[in-house]
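A short write-up of the structure that comes next.
Predicted model, so just to flag it, every value in this text is computed and none were measured. The chains referred to below are lettered A, B, ... by the order of the sequence lines, with proteins before strands, and numbering in each begins at 1.
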Number of protein chains: 2
Amino acid sequence: MSPRKSKTAASPVPRVADEIQQTRPFRSSAQEALLALILTSDRVLARTATELARVADITPQQYNVLRILRGAGPEGLPTLAIADRMIERTPGITRLLDRLERKGWIERERLADDRRQVLCRATKTALKLLAKLDPLMDELDDLPGRELNGAETKQLIALLDRVRAAFA
Amino acid sequence: MSPRKSKTAASPVPRVADEIQQTRPFRSSAQEALLALILTSDRVLARTATELARVADITPQQYNVLRILRGAGPEGLPTLAIADRMIERTPGITRLLDRLERKGWIERERLADDRRQVLCRATKTALKLLAKLDPLMDELDDLPGRELNGAETKQLIALLDRVRAAFA
DNA sequence: GGATTTTACTTGACTAGTCAATCATTGTCG
DNA sequence: CGACAATGATTGACTAGTCAAGTAAAATCC
């Protein structure tokens, strides 16, 4: 992983070295791959955030939580069970849920049979919002499929899996 | 991009679906690829942050800035020129530099001929710290090369470049 | 059955990212 | 030259991530 960043680029598929004000060459292809990985993930997340912000006052994290709660159905999920299904770790989840509650997108209730747990449920407002956002997010999810064919996509997944394993 | 996350896994190279408490299958391979991308980038960054924190009181962003300043040499760089070489955008850079200055790793000076610009330079302390961190970071940079061969690495870079282009 | 441990959160103190607004200094143009 | 626009940097108000510490309610163990 090396520093430095993008600005503009000319070619149809800008390569990593062009995205960066790169003075020296990369020490190795492996290093270039890591930078490509991070730049790409960053770009995908930024695009997602932009699209979500354009149509609703919601961040990707908040959207994630609502999707998880929709998947959980009307019984809802306790706080830490939500955290387990997200990329990041625990303590942030409480404050994230606070914001969602303030916006009227979730309801929380302390469980009667285990008063340590706090059950969270998506509200009807949230479900309506999600339904509105679904087509947009599906479209973004399918963008790689417009650029890569089936075999290439599977190849990419396999390569990423191996890189991830190397960093475990 | 779909929600949900990891916890533990058994197989040698855990696949994306296993990293997640996945109930339903993915809508498409493209969607699975995006999730793999984000999980992998996240893992790489987390590992980097952990290693840096283990040997010095420094974050990846702070390390990035110091590398950029080392590359710029003794003349230093103005604030926004640093921001241009990083992944994120402008306003955060001022506060990041504030922290680096507090730690004695950079010096700032308003330029005489253009008093709008603030020139930043890495201190000797920072350069010594970087020299100490270099082997560690080089090792991390080369991890993908232990898992993938040359052709696979180039393939990965090419695929990532195309995905990134799709999200431009 | 009362102390101890574990579980499920919660809070506080940081670092860092975003956007909008602001400020001083320069540049430009009529 | 003087109004006005552009540039470089900074600040304020948020969202969010991390770690360490704390609280309250189970669960477990003599």
Expressed as a whole number of angstroms, how long is the span from [X]:[atom1] to [N]:[atom2]?
X        : N       : atom1 : atom2 : result
Gln62(A) : dC14(D) : CD    : C1'   : 11 Å
Ile93(A) : dT7(C)  : CD1   : P     : 20 Å
Met86(A) : dT18(D) : CE    : C1'   : 14 Å
Leu45(B) : dA16(C) : CG    : P     : 13 Å
Leu77(B) : dG8(D)  : CG    : P     : 13 Å
Asp98(B) : dG12(D) : CG    : C1'   : 14 Å
Tyr63(B) : dA16(C) : OH    : P     : 15 Å
Leu96(A) : dG17(C) : CG    : C1'   : 15 Å

_Under a 3.5 Å distance rule, please check whether Glu101(B) uses its side chain to pair with a backbone N or O of Leu97(B) as donor and acceptor._
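No; zero donor-acceptor contacts below 3.5 Å.
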_I'd like to know if Arg95(B) reaches the base of dG17(C) with its side chain such that a donor and an acceptor end up less than 3.5 angstrom apart._
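Check fails, no donor-acceptor contact within cut-off.
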*Go through Ser28(B) and Asp142(A) one step at a time and tell me if the side-chain hydrogen bond (donor to acceptor under 3.5 Å, both in side chains) criterion holds.*
CA-CA 7 Å; Ser28(B) 63; Asp142(A) 292 338; 3.2 Å; yes
*By nearest nucleotide on DNA chain D, pick out whichever of Gln61(A) and Pro78(B) is the more 5' one.*
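It is Pro78(B), whose closest nucleotide lies nearer the 5' terminus.
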Is it true that atom [atom1] of [X] has more than 12 heavy atoms of other residues, nucleotides or ligands lying nearer than 6.0 Å?
X         : atom1 : answer
Glu139(B) : CD    : no
Arg115(A) : CZ    : no
Asn149(B) : CG    : yes

*Give me the bend of the helix from dG1(C)-dC30(D) to dG30(C)-dC1(D), using the axes of the five pairs at each end, rounded to 10°.*
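Between the axes fitted at each end of the helix from dG1(C)-dC30(D) to dG30(C)-dC1(D) lies an angle of 0°.
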*Step-by-step salt bridge (charged side-chain N to carboxylate O under 4.0 Å, His left out) determination, Asp134(B) to Arg70(B)*: CA-CA 12 Å; Asp134(B) 280 338; Arg70(B) 174 172 65 178; 2.9 Å; yes
Test: [X] and [Y] ion pair at under 4.0 Å:
X         : Y         : answer
Glu152(B) : Arg162(A) : yes
Arg95(B)  : Asp98(B)  : no
Glu109(A) : Arg121(A) : yes

*Compare the minimum distances between each of dG8(D), dC9(C), dT10(D) and the side chain of Val118(B), then state the nucleotide with the smallest one.*
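Closest nucleotide to the Val118(B) side chain: dT10(D).
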Between the protein and nucleotides 22-26 of chain C, list the N/O to N/O atom pairs that are separated by less than 3.5 angstrom.
from	atom 1	to	atom 2	distance (Å)
dT25(C)	O2	Arg116(B)	NH1	3.4
dT26(C)	OP1	Arg115(B)	N	2.8
dT26(C)	O4'	Arg116(B)	NE	3.4
dT26(C)	O4'	Arg116(B)	NH1	3.3
dT26(C)	O4'	Arg116(B)	NH2	3.4

*Can you check whether Thr94(A) has a side-chain N or O nearer than 4.0 Å to OP1 or OP2 of dT11(C)?*
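No, outside the criterion.
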